[in-house]
Amino acid sequence: PGQVAPKCSPRCKEKGASKLGEAAAKSAAAEAAAADLPVDEAMDSLLQVLQTCAKVHSSQGAEDVLKEPPVISEDFLWNVELTLATGAVAGSTLAEREDSLTGLALCLEIATEQLDAGTADRLQRYVLDQSLSKFDATSNQLVARAAKVLLLPGTDLMRATQTLRTVLALLMRCVGAERITAREVLDVMQGDVAIAVAVISQALGAPKPAGLPTWLARLTHILHQLTTMDTSVWLLQRSGEGIDFDKTPIAELHVRHVTHCQTVALSFVQFGVIDRVLNVAQDTEVRRSTFLVLLRAISNMVSSYQSLEAARLIGRCLALDFMRFGFRFLGPQMRQLIEGRGNQAKTIRMVCTTLSWLLIHSSTDGSTFLAESLKPLAIEWLTRGLTKGLPPEALSTLLALAANCGALEGQLLSNLAQCTDRLLDQLEWDARRSLAFTTEGRSTLCTLGFNLPASEELDYNGGGDYEEDEWQDEPDADPFDYFADEMPCPMALGMEADGLMYCRECGRPTNEGMYGTDYFDGMWYCKRCWDQWEHLLPGQVVCSPWPFEADLTVGEEQCGAARLLLRAPGHLRCGIGGGILTEAPVCVPGSSATLYRVAFNRRNLERWHKRSGGRCPLTLQPLDLGTVEEVPDVLQAVTDWLTAEGHLS
């Protein structure tokens, strides 16, 4: 008691005091001025919450606290916490409990930043014992409300998930970030996978809570955990279906897991998870703990022959954002791995196997975007791998990836001939255990003399199960040393040296090139690298729409908004991304030629248009975006469907 924080400016004190009642404001300002104590931004927000509790919710405790000077001390924060902890559990309305939770989060944030660790820990334990452990009723109401509005057109997702994000931050702060897993998150979200993903996605895009340094890394780890077999089995147990796991065939559990991964993939697309993670990965300090974890999550969702639906969703998303996903992040990371930094073989195998599965499902989907995008990277990686003398277990997966995207040609074939013999046994063994091949890839490798088993001879399901011992351990267990740094300056920044500019991609000095745009604004690229990217625009790619009638046989473990994502019919989904259309739906002239009118999210259509060289995703004909028609009736159709499903009742 009696501890105070460092000093702050008088302007901050005046800002906080202005939020109090007139009499209390004068008293608080006088006390603060006399003690020269801070009222910073978090404190200002906390006082606003107390004001709301006192005036709107008629909280006598909040009124009493407001009579005290706003001093950042253990005594003051204890009084605040006693009042808000009671309101969070016993508030007469849901709004009062939400405001109290917001206040508790601010209170603990201030304590973490301004008071000693022992005091902050005592405050956190009190919140855990008196509020979070008695939170079930409020949690049920918050989740029920979020489930109703999450897929409703026009919903502000950041606002809709705000209180649930606050609860997640409180849990991590009070229990410990490393102890919060996907199970705890799903338990709070009543088992609704879609709400869990939405909350995490919005949390990745919101300001990081103070005093939680591993916040972003932990959120991405939870996303990875959502895709594992352990989580899908836990959801089955939680659903109360009465499944006897001792007698249930593994194949049946795998089918349920595939559906679970499809649910997660739909949620990833619906709530922009990949975009959020890539935005977070722009910061090199957290890149090593986010990007590889995203790849592991994708691996779990797409790595089996039964995972077509999930892989279509993820594959299209990555193909449309490949300039960022592939060239900005994946290319440099793989280059560093091949150069010998970190546990290279293990991670190279994971990345290449995941990409190969995506290529297989993309070929089934009729799209060559991903293969064309990966082709120059696969050539570079395999060439580097051959010259660096990578171990066979890493080289075989690089070879398989190059074959799957049609990159085995020209000089690369000549280089490959020198090491075919030492890869024969490794590639055949990998093919039986984990690797999979496109029709083109298998044919090419067999022509080169590799003896590959036919796909029907294999008995594995792929994904996170068949090689769980190899890379599906907790991401925290990896050192991530090879992810920490960019290429050393001046080449990393494209800076001028000796009258030349260094290419941001290959590092060669040149005076012929240009600066990138969008994500690559301000980065200099040589003409060779730039032309290589410019030629990655295959025009002859058609977008196959989603089935009109969705699969209605959804297990009980998929509930709430997650169940709706699986059941939504094709005409309510974006014809490119696959998510339910909740904003800016448009149609192209070619929509009339399809079985049902296919609508698109405008942003997805614009990205497809740019990526395909100006082609219509349905007819392959040149498309003028000026002919695109807005179709607001689709939004009403989504609302009507949600009502018919009983979701808005």
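Both backbone and side-chain heavy atoms feed into the values below; hydrogens, waters and symmetry mates do not.
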Indicate whether any N or O donor in one side chain lies under 3.5 Å from an N or O acceptor in the other, for [X] and [Y].
{"X": "S232", "Y": "H257", "result": "yes"}
{"X": "T231", "Y": "T228", "result": "yes"}
{"X": "R607", "Y": "N601", "result": "no"}
{"X": "T447", "Y": "T444", "result": "no"}

For this session: Before giving the answer on side chain to side chain contact (heavy atoms under 4.5 Å, CB included), spell out for L408 and L445 the whole-Å C-alpha distance, their side-chain angles and the decisive distance to 0.1 Å.
Result: CA-CA 9 Å; L408 294 182; L445 289 172; 4.0 Å; yes

Measuring only between side-chain heavy atoms, which start at C-beta, is [X] closer than 4.5 Å to [Y]?
{"X": "V193", "Y": "H260", "value": "yes"}
{"X": "L226", "Y": "V197", "value": "yes"}
{"X": "L370", "Y": "F322", "value": "yes"}
{"X": "H571", "Y": "R597", "value": "no"}
{"X": "F600", "Y": "L618", "value": "yes"}
{"X": "H254", "Y": "S304", "value": "yes"}
{"X": "I298", "Y": "L358", "value": "yes"}
{"X": "F268", "Y": "L294", "value": "yes"}

Using side chain to side chain donor-acceptor pair (under 3.5 Å) as the criterion, list what pairs up with [X], not counting sequence neighbours.
{"X": "T227", "result": "N300"}
{"X": "E440", "result": "none"}
{"X": "T220", "result": "none"}

Problem set entry | F369 six-ring centre to R611 NZ/CZ under 6.0 Å and within 45° of normal | yes

Quick check for you: to the nearest 0.5 Å, what is the distance between [X] atom [atom1] and [Y] atom [atom2]?
{"X": "N404", "Y": "F437", "atom1": "CG", "atom2": "CZ", "answer": "6.5 Å"}
{"X": "S299", "Y": "I314", "atom1": "OG", "atom2": "CD1", "answer": "12.0 Å"}
{"X": "R384", "Y": "L390", "atom1": "CZ", "atom2": "CG", "answer": "11.0 Å"}
{"X": "L330", "Y": "R324", "atom1": "CG", "atom2": "CZ", "answer": "13.5 Å"}
{"X": "Q558", "Y": "R563", "atom1": "CD", "atom2": "CZ", "answer": "8.5 Å"}
{"X": "E380", "Y": "T383", "atom1": "CD", "atom2": "OG1", "answer": "8.0 Å"}

Minimum-distance pair of heavy atoms, taken over all atoms of [X] and [Y]:
{"X": "Y305", "Y": "H361", "answer": "O-CE1, 3.9 Å"}
{"X": "V293", "Y": "H221", "answer": "CG2-CD2, 3.4 Å"}
{"X": "L623", "Y": "T627", "answer": "CD1-OG1, 3.8 Å"}
{"X": "R349", "Y": "S396", "answer": "NH1-OG, 4.1 Å"}
{"X": "A402", "Y": "A378", "answer": "CA-CB, 3.9 Å"}
{"X": "L565", "Y": "R573", "answer": "O-NH2, 2.5 Å"}

Problem set entry | side chain to side chain contact (heavy atoms under 4.5 Å, CB included) assessment of V255 paired with Q306 | CA-CA 8 Å; V255 170; Q306 293 78 29; over 6 Å; no

Under 3.5 Å, which donor-acceptor pairs link side chains of residues 574-587 to any protein atom two or more places apart or in another chain?
none

For this session: May I ask you to decide whether R312 forms a salt bridge with E309, counting only side-chain N to carboxylate O separations under 4.0 Å?
Result: yes

For this session: Could you check whether the rings of F291 and F325 sit parallel, tilted or perpendicular, using 30° and 60° as the cut-offs?
Result: tilted

For this session: Return yes when atom CG of D425 has more than 12 non-hydrogen atoms of other residues, nucleotides or ligands closer than 6.0 Å, and no otherwise.
Result: no

For this session: May I have the step-by-step check of side chain to side chain contact (heavy atoms under 4.5 Å, CB included) for L278 and D321, ending in yes or no?
Result: CA-CA 10 Å; L278 294 183; D321 203 6; 3.7 Å; yes

Problem set entry | Sequence neighbours excluded, every pair satisfying salt bridge (charged side-chain N to carboxylate O under 4.0 Å, His left out) that has a member inside residues 397-420 | K375-E409

Just by modelled atom types, is the [Y] backbone N or O under 3.5 Å from a matching donor or acceptor in the [X] side chain?
{"X": "Q225", "Y": "A182", "result": "yes"}
{"X": "S612", "Y": "R615", "result": "yes"}
{"X": "T438", "Y": "G441", "result": "yes"}

Problem set entry | Criterion side chain to side chain contact (heavy atoms under 4.5 Å, CB included) on R256 and E557, from CA distance to verdict | CA-CA 9 Å; R256 303 290 281 265; E557 72 275 15; 2.7 Å; yes

Exercise. Which residues pass the side-chain contact (heavy atoms from CB on, under 4.5 Å) test with C352, sequence neighbours left out?
Worked result: M334, I348, T397, L398, L401

